[in-house]
Amino acid sequence: MRLLEQRILRDGKVRPGGVLKVDGFLNHQMDVELFRLLAQQWHEAFRADNVTKILTIEASGIGLACIAAQEFGCPVLFAKKTKTKNIDGAVYTTRVESFTHGTVYDVIVAKEYLLPTDRVLLIDDFLANGAALEGLCDLVRQAGATLVGAGIAVEKCFQPGGARLRGQGLRIESLARIKSMSEDSLAFMD
Ligand code: 5GP
């Protein structure tokens, strides 16, 4: 069994509403050595793609993205959640619906940091309905940058995001793929 899957079985907890809590090593306390091993797997998958920038979304993707950036030797850009209007046109904006909070919010990146010449790898902790990843794809599209693919730690394959985005041609490398989960059982894809 893969490393992250073992860790989820050991330390993860399934909460009502289909939320997997991984606060002990990913979303609150962070196991940086585990992050490094995950980052190496993404680097293995995307090493030939000349990644120039890693793009993630505030807040829980940032830690993973930073460790991944060390493997790729490139900067990390994180999409910021904001209530500020885009007055001077200096930012790209997109809307994202939060799976865990049930709210819709705007995220931005400054145009000066996401360039048409960039080759972008998206990194995030979870893929569920795909809204977060779709928002990041939209920002890359607006910038005219090249989207190389996405590295995801935990994909909940029983939710529709992964299938939809792969159907749109996005290459997604998920390191733990959950087939089903409930409060007393959790199964991974083969
Ligand atoms: P999506 O936009 O794909 O529906 O959800 C992805 C985002 O929601 C991730 O960035 C992650 O922060 C959060 N998320 C979705 N499902 C879970 C879950 O089961 N557990 C945790 N901890 N976060 C989740």
Side-chain angles (χ1 to χ4, degrees), residues 2-32 34-35 38-39 42 54-69 76-82 93-109 120-141 147 149-189:
R2 283 156 285 200
L3 186 70
L4 181 58
E5 297 181 349
Q6 280 172 343
R7 192 61 184 269
I8 289 168
L9 287 181
R10 201 184 84 185
D11 294 333
K13 290 184 182 61
V14 181
R15 296 287 188 230
V19 173
L20 176 65
K21 275 279 192 188
V22 285
D23 281 1
F25 60 95
L26 185 56
N27 284 150
H28 190 25
Q29 176 169 261
M30 293 188 275
D31 182 339
V32 179
L34 174 69
F35 284 17
L38 302 181
W42 288 321
I54 289 184
L55 178 63
T56 188
I57 188 162
E58 190 175 44
S60 51
I62 295 175
L64 283 168
C66 287
I67 305 298
V76 176
L77 182 62
F78 65 92
K80 289 188 180 190
K81 296 173 183 170
T82 181
T93 310
T94 196
R95 306 214 93 189
V96 173
E97 186 176 341
S98 163
F99 172 76
T100 39
H101 300 108
T103 49
V104 177
Y105 54 91
D106 289 323
V107 294
I108 58 148
V109 294
V120 181
L121 175 65
L122 310 177
I123 294 284
D124 206 2
D125 58 342
F126 276 85
L127 171 57
N129 290 333
L133 212 49
E134 218 152 45
L136 294 177
C137 291
D138 185 37
L139 294 172
V140 173
R141 208 174 300 125
L147 185 55
I152 297 293
V154 187
E155 179 174 349
K156 292 151 77 189
C157 300
F158 55 90
Q159 289 184 246
R164 188 176 71 254
L165 285 159
R166 286 189 181 92
Q168 292 168 14
L170 182 65
R171 178 177 171 206
I172 304 174
E173 297 290 338
S174 303
L175 304 182
R177 305 184 69 214
I178 300 176
K179 183 159 69 175
S180 62
M181 64 183 206
S182 67
E183 278 159 74
D184 43 29
S185 78
L186 196 152
F188 294 103
M189 304 290 279

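We use all heavy atoms of the structure for the numbers below, so side chains are in, but hydrogens, waters and symmetry mates are not. In listed order, ligands and their atoms are each counted from 1.
- Atom 22 (N) of ligand 1 has its closest protein heavy atom at N27 OD1, 2.9 Å.
- With hydrogens and angles disregarded, no donor-acceptor distance shorter than 3.5 Å links the side chain of Q159 to the backbone of A128.
- Ligand 1 lies nowhere less than 4.0 angstrom from a heavy atom belonging to G161.
- Atom CE of M30 is surrounded by 12 or fewer heavy atoms from other residues, nucleotides or ligands within 6.0 Å.
- Only the side chain of D124 comes within contact range of ligand 1, with a heavy atom under 4.0 Å; no backbone atom does.
- Salt-bridge check for E183 with K13: failed, with every basic side-chain N at 4.0 Å or more from each acidic carboxylate O.
- Residue contact annotation: G18 has a non-hydrogen atom under 4.0 Å from ligand 1.
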Kindly indicate, with the supporting measurements, whether the criterion side-chain hydrogen bond (donor to acceptor under 3.5 Å, both in side chains) is fulfilled by D125 and S60. CA-CA 7 Å; D125 58 342; S60 51; 2.9 Å; yes
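- Closest heavy-atom contact between F126 and L20: CZ-O, 3.8 Å.
- When only interatomic distances are considered, the shortest N/O to N/O separation between A131 and ligand 1 falls below 3.5 Å.
- For atom 9 (C) of ligand 1, the closest non-hydrogen atom on the protein side is D125 OD1, 3.4 Å.
- Looking at N129 against ligand 1, both its backbone and its side chain come within 4.0 Å, counting heavy atoms.
- For the pair K81 and Y105, the cation-pi criterion (under 6.0 Å, within 45° of the ring axis) is fulfilled.
- In this structure, the separation between CG on L4 and CZ on R7 is 9.0 Å, given to the nearest 0.5 Å.
- Under 4.0 Å from ligand 1, the heavy atoms of K156 that appear belong solely to its side chain.
- The shortest N or O to N or O distance between L20 and ligand 1 is below 3.5 Å.
- Atom 6 (C) of ligand 1 has its closest protein heavy atom at F126 O, 3.5 Å.
- Heavy-atom minimum distance, A65 versus I54: CB-CG2, 3.9 Å.
- At a heavy-atom cutoff of 4.0 Å, ligand 1 is contacted by both the backbone and the side chain of A132.
- The closest protein non-hydrogen atom to atom 15 (C) of ligand 1 is F99 CD2, 3.3 Å.
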